[in-house]
Amino acid sequence: MDDLKYGTRNKRGDWAPNQPIETAPLFAFPPRLLALAKWLPHYFFPWNAIFAASAVAYWAWVIPPVETMQTLGIGWIAWLYVVNAVCVFLFYGAFELHLYVLKRQKNRFKYNGKFPAEQKSKAFWFESQNLDNVLRTFLSGVTIWTAVEVCMLFAYANGYAPWLTFAENPWTLALVALVVPVIHEFHFFCIHRLIHTPLLYKWVHSVHHNSVNPSPWSSLSMHPVEHLLYFGTAFYHLILPSNPILMLYQLHYAGFGAIPGHVGFDKVEVGEETLVDSHAYAHYLHHKYFEVNYGDALIPLDRWFGTWHDGSADGEARMQERYRKRKEKLAARKARNTIGEAAE
């Protein structure tokens, strides 16, 4: 498949799409009904449908009976950890195997022309991005994911969280299901801005940003504090009129949904003629430039707060202008401090 029909590749081998990234028309004003109608299928398929289906499958075949979850026990908690770990290994591993180990589509549609395994760095445990990312995913990521899941299921089982039934409240729960991705986007943007403050960035978020050239295993390669904040998106269901299946959907949207944003490819080839969009370019630019695209473009929060980069030359110019103004501001502050110290 010729990826140059969809984008360009520079001398370093980095590929970029021809078209600038667009934010979803969900919050456009005045409403763009035609654009919204064209966009809606992409809202559901394939990713959101996969994460919703996995939540239903968990409820049907994995989650213990309510009576069991009324008491915290090592047995059912360990069972959930094992299932989560196996599912992460299979889901993440499938992308890693297809794109990075077997390299079945080589570097077609790959944003960064190099593969992480080709580069050693002391920023990572054992100087290996892959090994570092895998260890952080299972030691901390899946553990905290499971801990949040257990807390929420325990709360539902003991009546501490509002539990609506689909039979009695189908429209309310349908609405909550529809806004699960919106909740995630809002939550992710807020915590992301928080952990980009200097102190938290240095001690917490820099772990994730070590992966400048992200790959599937980078998705949950985070500091434990960031894992807790990230999976804390499930706690909204402590106050929402919701259901344990929708809470699981919220968790799976965060856990399994981290993959598309870090896969490193704009499109994944399925067969010889089918392409699946990853919608990863916005977040790839965040990993590349650090201070743009704190959200994923479902809600235009970055546009509203002036940190949007759509991958175009205009987006690049706006980012450089922000950098210039910030440098001037820092230089002015430093000059004032120097004058103040001299006066003392």
Side-chain angles (χ1 to χ4, degrees), residues 1-10 12-24 38-54 57 86-118 129-130 133-134 137 141 181 184-185 188 208 211-221 252-288 293 295-298 310-311:
M1 199 165 288
D2 186 4
D3 59 349
L4 297 182
K5 290 181 180 178
Y6 301 85
T8 57
R9 180 171 289 106
N10 64 21
R12 297 179 53 191
D14 300 345
W15 185 91
N18 286 329
Q19 300 300 322
I21 316 164
E22 292 187 6
T23 53
K38 290 181 178 178
W39 168 81
L40 268 179
H42 301 284
Y43 183 65
F44 296 109
F45 301 104
W47 303 112
N48 292 357
I50 291 172
F51 309 141
S54 69
V86 169
C87 289
V88 166
F89 178 78
L90 293 176
F91 190 63
Y92 284 40
F95 285 94
E96 181 75 19
L97 182 67
H98 178 69
L99 297 170
Y100 287 84
V101 178
L102 301 177
K103 298 181 181 177
R104 283 181 172 150
Q105 66 180 68
K106 299 181 179 177
N107 67 342
R108 295 191 295 276
F109 301 105
K110 191 173 187 310
Y111 302 128
N112 189 312
K114 296 183 178 178
F115 287 79
E118 299 169 354
Q129 179 175 330
N130 285 343
N133 289 179
V134 168
T137 295
H184 176 86
E185 175 84 351
F188 178 63
H208 185 63
S211 302
V212 177
N213 180 12
S215 66
W217 288 116
S218 305
S219 307
L220 286 182
S221 176
H252 288 200
Y253 191 93
F256 298 122
I259 271 280
H262 297 87
V263 76
F265 287 76
D266 195 68
K267 303 179 191 301
V268 177
E269 297 175 2
V270 180
E272 296 185 358
E273 297 183 356
T274 303
L275 295 171
V276 177
D277 288 330
S278 67
H279 306 293
Y281 197 43
H283 197 62
Y284 171 77
L285 292 177
H286 176 76
H287 274 263
K288 183 177 182 180
N293 300 354
D296 285 330
L298 178 59
D310 60 5

N10 (side chain) donor-acceptor with R12 (main chain) under 3.5 angstrom: yes

Please tell me if the side chains of Q105 and D3 come closer than 4.5 Å, counting only heavy atoms from C-beta onward. no

Heavy-atom closest pair (N293 atom, A282 atom, distance to 0.1 Å) is ND2-O, 3.0 Å

Residues P46 and V276: closest non-hydrogen pair is CG-CG1, 3.9 Å

Enumerate, atom names and distances included, each donor-acceptor pair closer than 3.5 Å involving a side-chain atom of residues 253-261, sequence neighbours excluded.
none

| field | Expected output: side-chain E185 to main-chain A297 donor-acceptor under 3.5 Å | value | yes

Flag, side chain of H262 to backbone of S215, donor-acceptor distance under 3.5 Å
no

Y6 vs W15, side-chain contact (heavy atoms from CB on, under 4.5 Å): CA-CA, chis, key distance, verdict = CA-CA 10 Å; Y6 301 85; W15 185 91; 3.9 Å; yes

Is any side-chain heavy atom of Y92 closer than 4.5 Å to a side-chain heavy atom of E96?
no

Tightest non-hydrogen contact, residues N130 and A117, listed as ND2-CB, 3.9 Å

Residue set satisfying side-chain hydrogen bond (donor to acceptor under 3.5 Å, both in side chains) with R104, at least two apart, ordered chain then number -> none

All heavy atoms of S221 vs all of T137, minimum pair found to be N-OG1, 4.1 Å

Under 3.5 Å donor-acceptor, K103 side chain and N107 backbone: no

On a heavy-atom basis, the closest approach of L275 and E269 is CD2-CG, 3.6 Å

Value for NZ (K106) from NZ (K110), rounded to nearest 0.5 Å, stands at 15.5 Å

Of H279, H286, H287, the one forming a side-chain hydrogen bond (donor to acceptor under 3.5 Å, both in side chains) with H283 is H287

message = Is it the case that the ring center of F109 lies less than 6.0 angstrom away from the ring center of Y281?
response = no

Indicate yes or no: at least one non-hydrogen side-chain atom of L298 is less than 4.5 angstrom from one of H184. no

Neighbour count >12 (heavy atoms, 6.0 Å) for atom OH, Y43:
yes

- [ ] Check whether any side-chain N or O of N112 sits under 3.5 Å from a backbone N or O of D14 as a donor-acceptor pair, and report yes or no.
- [x] no

Task: Sidechain-backbone polar pair: D310 side chain, P20 backbone, donor-acceptor under 3.5 Å - done: no

Q) What orientation do W47 and F51 show, parallel under 30°, tilted 30 to 60°, or perpendicular over 60°? A) parallel

Residues pairing under salt bridge (Lys or Arg N to Asp or Glu O under 4.0 Å) where one sits in residues 273-285, two or more places apart or in two chains, turn out to be K267-D277

Using 30° and 60° as the class boundaries, would you call the ring planes of Y100 and F115 parallel, tilted or perpendicular? perpendicular

dist Q129:CD -> W217:CH2 (nearest 0.5 Å) comes out at 13.0 Å

Side chains of F95 and S278, heavy atoms from C-beta outward: is any pair under 4.5 Å?
no

